[in-house]
Student: 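To start, I am sharing the structure in question, which I have written as structure tokens.
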Number of protein chains: 2
Amino acid sequence: MKQVVELLRTHAIQPSAQRVAVANYVLVTKEHPTAEQVFHAVTATFPTLSRATVYNTLHLFVKKGLLKQFALTEGVLVFDPHVEPHHHFVDDETGAIVDIPWDRIRVEGADDLPGIDVRDFQVVVRGKRQRRRTTNKAT
Amino acid sequence: MKQVVELLRTHAIQPSAQRVAVANYVLVTKEHPTAEQVFHAVTATFPTLSRATVYNTLHLFVKKGLLKQFALTEGVLVFDPHVEPHHHFVDDETGAIVDIPWDRIRVEGADDLPGIDVRDFQVVVRGKRQRRRTTNKAT
DNA sequence: TCGAAAGTCTTGACGTCGTCCAACTTTGGA
DNA sequence: TCCAAAGTTGGACGACGTCAAGACTTTCGA
Ligand SMILES: [Mn+2]
Ligand SMILES: [Mn+2]
Ligand SMILES: [Zn+2]
Ligand SMILES: [Zn+2]
């Protein structure tokens with residue numbers, strides 16, 4: 001997409017074909033993919049793309065502020081194009097990570113801790129998605 | 001230690017020599033060690049202990065409620081003998097994880113999210129430890 | 001237009017973390 | 001005492017991630 005190329009340019013990133021392909025996936029997703037998920041998703045349409053380039057590109061995007069990086073689930077980093085502050089829910093059963101809007105949870109005292117320069121904080125909620133809501137009227 | 005043996009027994013865990021050795025390290029530490037750190041620390045005094053047994057034992061302790069397990073830093077799980085709810089600070093520079101008492105931070109709304117059965121939540125704070133406090137009287 | 005320098009990409013080797021399994025040792029109750 | 005169950009071991013294996021050397025591309029001044 002044209003706008004991805006512009007976005008990379010405005011962040012001082014050369015829009016190579018590989019970077020544009022990665023960007024068109026990872027900057028658009030609502031999920032929180034791992035590097036391996038990005039690799040598999042993008043090589044589906046760009047088969048010659050190498051693993052090293054995926055990692056290099058993701059790290060570059062993080063450095064340039066287009067992505068954030070989290071360690072929330074076992075063993076892997078995930079990438080998040082939603083760079084404004086927000087909280088996360090982690091589904092125990094599937095490992096899925098879901099955004100919680102910043103204003104949905106009130107936090108007091110996290111940025112005023114003795115001896116600490118707080119860079120950021122977030123609430124991490126773990127649990128299960130509820131079974132089908134049966135709140136609907138007669139089905 | 002004798003009390004570790006008793007602790008294991010009260011949690012229905014056979015206190016084998018290997019488990020006691022692991023317990024004497026991981027149930028006592030104030031740090032949040034990774035499995036590999038546990039492995040290296042305990043093999044220093046119990047050289048025949050195998051990696052598989054360390055992992056088996058840590059997972060058993062988690063299942064029995066003696067430890068909690070978190071993914072807070074890149075690539076590794078950490079284990080925490082402090083099983084009551086509390087928050088965590090992660091030092092950007094060293095990766096060190098430090099407990100924040102539950103009451104130090106007020107959180108409202110995290111357990112009342114639509115469509116979610118919340119099992120638990122915590123605040124994760126990231127930043128730097130401040131340079132030496134110079135609040136002391138004339139040194 | 002040409003060629004060098006800088007930038008980018010690929011391949012494949014390597015390291016760490018964690019799992020798994022088959023073979024073994026130890027344990028404790030009949 | 002004996003033996004089935006429980007526990008342990010070492011090594012193979014897989015996923016994730018890093019790194020460096022070389023190849024390819026783009027840029028840009030002569
Ligand atoms: Mn930006
Ligand atoms: Mn307990
Ligand atoms: Zn997010
Ligand atoms: Zn803790």
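Side chains included, hydrogens not; waters and symmetry mates left out as well; all remaining heavy atoms used. Order of the sequence lines sets the chain letters (A, B, ...), proteins ahead of strands, with each chain counted from 1.
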Student: Mind telling me whether B:H88 and B:H86 have parallel, tilted or perpendicular rings, with 30° and 60° as the class edges?
Tutor: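 Rings of B:H86 and B:H88: perpendicular, over 60°.
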Student: Rounded to whole angstroms, how far apart are CZ on B:R9 and C1' on C:dT27?
Tutor: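 Distance check: B:R9 CZ to C:dT27 C1' gives 12 Å.
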Student: Please report the distance, rounded to the nearest Å, between CZ in B:F39 and P in C:dT19.
Tutor: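 Rounding to the nearest Å, CZ of B:F39 and P of C:dT19 are 14 Å apart.
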Student: C:dT19 P sits how many Å from B:Q69 CD, rounded?
Tutor: 8 Å
Student: Go through the structure and list residues passing ring pair (Phe, Tyr, Trp, His ring centres under 6.0 Å) with A:H40, not counting sequence neighbours.
Tutor: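 For A:H40 there are no ring pair (Phe, Tyr, Trp, His ring centres under 6.0 Å) partners, ignoring immediate neighbours.
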Student: Who are the salt bridge (Lys or Arg N to Asp or Glu O under 4.0 Å) partners of B:D92, not counting sequence neighbours?
Tutor: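 Result, salt bridge (Lys or Arg N to Asp or Glu O under 4.0 Å) vs B:D92: A:R119.
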Student: Classify every nucleotide of nucleotides 4-12 of chain C by which part a protein heavy atom approaches to under 4.0 Å, writing B for the base, S for the sugar-phosphate alone and - for neither, in 5'-to-3' order.
Tutor: ----SSBB-
Student: Tell me, please, which residues at least two apart from B:T53 pass side chain to side chain contact (heavy atoms under 4.5 Å, CB included).
Tutor: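 In terms of side chain to side chain contact (heavy atoms under 4.5 Å, CB included), with neighbours along the sequence ignored, B:T53 is linked to B:Q18, B:L49, B:S50, B:T57.
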Student: Of all residues at least two apart in sequence or in a different chain, which pass the salt bridge (Lys or Arg N to Asp or Glu O under 4.0 Å) check with A:R51?
Tutor: A:E36
Student: Within this structure, what is the CG-to-P distance between B:L58 and D:dT8, rounded to whole angstrom?
Tutor: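 Roughly 12 Å, once rounded to whole Å.
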Student: Which ILVMFWY residues can you reach from A:F121 by hopping between side chains whose heavy atoms are under 4.5 Å apart?
Tutor: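 A:F89, A:V98, A:I100, A:W102, A:I105, A:V107, A:L113, A:I116, A:V118, A:V123, A:V125, B:F89, B:V98, B:I100, B:W102, B:I105, B:V107, B:L113, B:I116, B:V118, B:F121, B:V123, B:V125, all in the cluster of A:F121.
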Student: Whole-Å distance between D:dA6 C1' and B:K64 NZ?
Tutor: 13 Å
Student: Measure the distance from OH on B:Y55 to P on C:dT19 and round it to the nearest whole Å.
Tutor: 7 Å
Student: Please give, in whole Å, the distance from C:dT19 C1' to B:H59 NE2?
Tutor: 9 Å
